[in-house]
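Just so we're clear, the structure is a prediction, and the values are computed from it rather than from any experiment. In what follows, every chain begins at residue 1, and chains take the letters A, B, ... in the order their sequences are listed.
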Amino acid sequence: MQPRIVIADDHPLFRGALAHAVARVWPGAAVFEASSAAEARAALQAGGAECLLLDLHMADSSGLSVLMDLRQDYPALPIVIVSASEEPRVAAAAAQLGAAGFIPKSASLDAIREGLAAVQGGDAWFAEGHAGEDDDLARIASLTPAQRRILAGIRQGLLNKQIAYELSISEATVKAHITAILRKLGVGSRTQAVLVAAKLDVDQPVAEPAQA
DNA sequence: AGTGAACGCTTTATGGCCGT
DNA sequence: ACGGCCATAAAGCGTTCACT
């Protein structure tokens, strides 16, 4: 059967390069290009895929939380992270969260092919070779989808009441989830939870301060 | 796992009282 | 009038328990 490969990257040129590499590794593969996380999801929903090549920052996605969400929704799908970052800790974080591989955008076409071939063969492939495991990321990964939504609200600086309104649930429920989140993350307050969760932004440029 | 109510704790805001 | 102090109220946070 013809393999389906989804490439999610918001740079058309790089998508093209990846598609080229994919064609070498999966001859005859049907390549679906997506320029946003939403498009990638649509492609996956339409017919699944043998592999997803995922850029971590696109217009509608930021950081490793996209990876985490997709891992949750498609546990069996090998996801190869394609990142502008070279940092070993990014690769390590991706590995921790269940990525099948990590390819820096600076990698040569040969290196990209090598990586994809490894993943196709069922092996993990990380260009930088990953550093030690990060307990915090493992903890974050253990959060349920509801808990993650609430953590996202906390990270935005929202009050429990505001988070409850956004998610259309009661404030009491938000508090209950937060208790579970704090326990899973091993921290004592929402502010500490925010600091732990900041590790998900490992692939992000430093955020601009909000306009006053 | 998700939800919500009841409860206690801490912090912040408010208002009254006092001595200077 | 003023600054300092204390009691009270209100808001927000987090825990526990019970129900679905």
Visitor: Show the numbers, then the answer: is there a side chain to side chain contact (heavy atoms under 4.5 Å, CB included) between Val119(A) and Cys51(A)?
Guide: CA-CA 8 Å; Val119(A) 171; Cys51(A) 184; 4.2 Å; yes
Visitor: Enumerate the salt bridge (Lys or Arg N to Asp or Glu O under 4.0 Å) contacts for residues 98-113 of chain A, please, sequence neighbours excluded, ordered by first and then second residue.
Guide: Asp9(A)-Lys105(A), Asp55(A)-Lys105(A), Asp110(A)-Arg113(A)
Visitor: For Arg41(A), give me all partners under salt bridge (Lys or Arg N to Asp or Glu O under 4.0 Å), at least two apart in sequence or on another chain.
Guide: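 With sequence neighbours excluded, Arg41(A) shows a salt bridge (Lys or Arg N to Asp or Glu O under 4.0 Å) to Asp73(A), given in chain and number order.
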Visitor: Whole angstroms only, please: what is the CG-C1' distance between Leu182(A) and dC13(C)?
Guide: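 It works out to 10 Å between those atoms.
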Visitor: For chain A and DNA chain B, what are the first and last nucleotides along the strand, 5' to 3', with at least one atom under 4.0 angstrom from a heavy atom of the protein chain?
Guide: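 Contact span on the strand: dA1(B) to dA5(B).
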Visitor: Are Leu159(A) and Ile163(A) linked, directly or through intermediate hydrophobic residues, by side-chain heavy-atom contacts shorter than 4.5 Å (ILVMFWY only)?
Guide: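 No, it is not one cluster - the side chains of Ile163(A) and Leu159(A) are not joined through contacts under 4.5 Å.
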Visitor: Mind jotting down which residue pairs meet the salt bridge (Lys or Arg N to Asp or Glu O under 4.0 Å) criterion with at least one end in residues 24-39 of chain A? Sequence neighbours excluded, please.
Guide: Arg15(A)-Glu33(A)
Visitor: Kindly compute the distance separating CG (Leu167(A)) from CD (Gln162(A)), expressed to the nearest 0.5 Å.
Guide: 11.5 Å
Visitor: Rounded to whole angstrom units, what separation is found between the CD atom of Gln162(A) and the P atom of dA11(C)?
Guide: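 Roughly 14 Å, once rounded to whole Å.
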Visitor: Contacts to DNA chain C from residues 167-179 of chain A, heavy-atom cutoff under 4.0 Å, which residues?
Guide: Lys175(A), Ile178(A), Thr179(A)
Visitor: With sequence neighbours left out, what residues match Glu114(A) under side-chain hydrogen bond (donor to acceptor under 3.5 Å, both in side chains)?
Guide: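 side-chain hydrogen bond (donor to acceptor under 3.5 Å, both in side chains) check on Glu114(A) returns nothing, list empty.
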Visitor: More than 12 non-hydrogen atoms from neighbouring residues, nucleotides or ligands closer than 6.0 Å to CZ on Phe14(A), yes or no?
Guide: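 Yes, the 6.0 Å shell around CZ holds more than 12 heavy atoms from other groups.
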Visitor: Return the value, rounded to whole Å, for the distance between atom NZ of Lys161(A) and atom P of dG14(C).
Guide: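 Rounded to whole Å, this separation is 15 Å.
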Visitor: Give a yes/no answer on whether the side chain of Asn160(A) brings an N or O atom under 4.0 Å of OP1 or OP2 in dC13(C).
Guide: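 Answer yes for this pair, as a side-chain N or O of Asn160(A) is under 4.0 Å from OP1 or OP2.
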